[in-house]
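Here the structure is laid out as structure tokens; the discussion comes afterwards.
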Amino acid sequence: MTKIYLKKGREESLRRFHPWVFSGAIAQIVGEPAEGDIVGVFAQDGSFLAYGHYQIGSIAVRVLSFSGEDVFDPGFWVNMISRAKNVRTSVGLTSVDSRTNCYRLVHGEGDGLPGLIIDYYDGVCVIQAHSVGMFRSKSAICEALKTVYGDSLKAVYDKSSGTAPFKAGLNLIDGYLYKAEGFSDDEQIVLENGNRFLVNWTEGQKTGFFLDQRENRNLVGRYSRGRNVLNLFCYTGGFSVYSLASGAAHVDSVDSSGKAMAMVSRNMELNGFEASSHTEYTADAIEFLRSVPEDKYDLIIVDPPAFAKHRGALNNALRAYQRLNAAAISKVSPGGLVFTFSCSQVVDKEAFALAVFSAAAQTGRSVRILDRLNQPADHSVNIYHPEGEYLKGLLLYVE
Ligand code: SAH
């Protein structure tokens with residue numbers, strides 16, 4: 001096995017269980033590791049630090065274990081996936097009579113498996129590998145899922161083509177790693193807090209559904225009764241369904257993706273809402289907002305895609321959040337609510353709050369923060385890896 005020795009002093013972050021080794025921290029590589037191989041990481045004095053997946057790039061090793069040889073144990077994947085499932089069980093997500101039968105099963109570093117995302121949709125597991133090591137481990141991961149879920153597992157779909165790094169020799173084609181006999185669909189209806197959603201993992205964005213807004217959708221539902229709601233960047237209509245289920249007067253949903261909007265219609269039907277209670281617009285959210293008359297909406301949801309995918313884009317992203325939020329705050333009716341979010345990992349909650357503060361100041365309206373919003377428990381954050389926190393939001397009251 002390849003041994004990687006770190007420069008003096010660079011072992012500190014690993015001793016504090018941070019799961020990444022940056023290439024700049026490496027003093028010496030003894031061996032010729034292929035990308036995705038498991039390597040051992042050692043301090044300058046030769047003491048063992050960790051095992052992890054090796055990759056050429058700024059993060060050279062993603063740590064799988066800080067102890068012993070457990071990564072080579074045949075039960076490694078079953079153990080890690082079972083532990084991740086136990087967390088979901090402990091917050092009530094896995095019981096068969098649950099009103100929710102979809103959740104994030106593995107959230108990368110949050111579950112000790114850097115580079116791996118697994119979303120669970122009522123028996124269908126959708127995998128996204130973000131590293132060569134996880135991509136190369138997908139068969140073992142699939143076998144472990146079969147062991148952990150037994151007969152209730154319907155399918156395992158690998159959707160890594162958009163997330164795994166493009167490297168020579170990696171065949172980045174999405175497809176099923178497993179299908180139970182008789183299972184043939186590429187989509188199915190799932191339940192989230194008792195609401196029905198059609199999820200299509202082959203055609204949809206990411207793994208098919210944004211599971212990270214489950215708790216915030218509940219909160220939107222709680223404040224929706226009797227209100228005129230505008231759901232911007234609605235994707236398949238998650239927030240819209242909760243609003244209508246909770247008695248919103250009317251909901252307008254806006255997304256620039258025609259495919260997503262077609263799913264919104266189907267989700268409205270699935271939940272039995274009257275067509276007159278809902279209007280769908282395939283449009284650019286910012287242009288749509290511009291044309292909205294003032295006071296038309298008393299609840300506006302703003303959940304854009306990540307404006308900054310890396311640090312270099314941070315300043316432009318902050319300006320974009322400010323512009324978007326200023327437009328929403330200026331249009332909501334007096335006494336109205338704005339739910340505003342950012343899922344950019346590089347925009348931390350202080351920076352986001354500052355962008356929204358600047359937006360509010362630009363409108364000159366009186367704005368109170370009623371709540372601070374987060375990612376849910378199944379998108380868990382490893383305390384030693386604060387970078388895992390990415391979704392943040394504010395609930396604003398605008399006079
Ligand atoms: N709120 C959604 C998730 C939003 S993801 C939910 O609860 O499921 C971000 C969405 O923004 C995507 O569906 C994407 O199609 C859409 N989008 C991206 N750019 C847009 C734009 N300029 N105007 C409107 N929608 C946009």
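Remember, it's 1-based here, ligands and their atoms both numbered in the order they're listed.
- For the pair K349 and F352, the cation-pi test (distance below 6.0 Å, angle within 45°) is failed.
- When the heavy atoms of R217, M263, Q205 are ranked by distance to atom 6 (C) of ligand 1, first place goes to R217.
- The protein heavy-atom contact nearest to atom 19 (N) of ligand 1 is S256 OG, 3.7 Å.
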Item to complete: Test T100 against L191 for side-chain contact (heavy atoms from CB on, under 4.5 Å), laying out the working first.
Response: CA-CA 5 Å; T100 299; L191 278 176; 5.9 Å; no

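- Atoms of ligand 1 found under 4.0 Å from any heavy atom of S257 (numbered from 1 in listed order, with element): 15 (O).
- Using a 4.0 Å heavy-atom cutoff, A283 is listed among the residues neighbouring ligand 1.
- Here is the list of ligand 1 atoms found below 4.0 Å of a heavy atom in D284: 21 (C), 22 (N), 23 (N).
- Remark: the N86 side chain and the R83 side chain contain no N/O donor-acceptor pair separated by less than 3.5 Å.
- Summary of contacts: the protein heavy atom closest to atom 18 (C) of ligand 1 is P305 CG, 3.5 Å.
- At a 4.0 Å cut-off, at least one heavy atom of C234 sits close enough to ligand 1 to count as contact.
- The cationic atom of K3 (NZ for Lys, CZ for Arg) lies less than 6.0 Å from the six-membered ring centre of F42 and within 45° of the ring axis.
- Using a 4.0 Å cut-off between a side-chain N of Lys or Arg and a carboxylate O of Asp or Glu, E35 and R136 do not qualify as a salt bridge.
- Not a single heavy atom of V254 lies less than 4.0 angstrom from ligand 1.
- Between Y390 and Q375, the shortest heavy-atom distance links the atoms N-OE1, 2.8 Å.
- The atoms of ligand 1 that sit less than 4.0 Å from any heavy atom of D303 are 1 (N), 2 (C), 3 (C), 4 (C), 9 (C).
- For atom 23 (N) of ligand 1, the closest non-hydrogen atom on the protein side is A285 N, 2.8 Å.
- The ligand atoms of ligand 1 that sit less than 4.0 angstrom from a heavy atom of F239 are 1 (N), 7 (O).
- One finds no salt bridge joining K331 and D295 here, because no Lys/Arg side-chain nitrogen approaches an Asp/Glu carboxylate oxygen to under 4.0 Å.
- From the protein, the heavy atom lying nearest to atom 4 (C) of ligand 1 is F233 O, 3.2 Å.
- Taking atom 15 (O) of ligand 1 as the reference point, the nearest protein heavy-atom neighbour is D255 OD1, 2.7 Å.
- At least one cation-pi condition fails for R88 and Y103: the charged atom is not both under 6.0 angstrom from the six-membered ring centre and inside a 45 degree cone around its axis.
- Contact check on R266 versus E187 returns a salt bridge, with a Lys/Arg side-chain nitrogen under 4.0 Å from an Asp/Glu carboxylate oxygen.
- Counting heavy atoms under 4.0 Å from ligand 1, residue A260 does not touch it at all.
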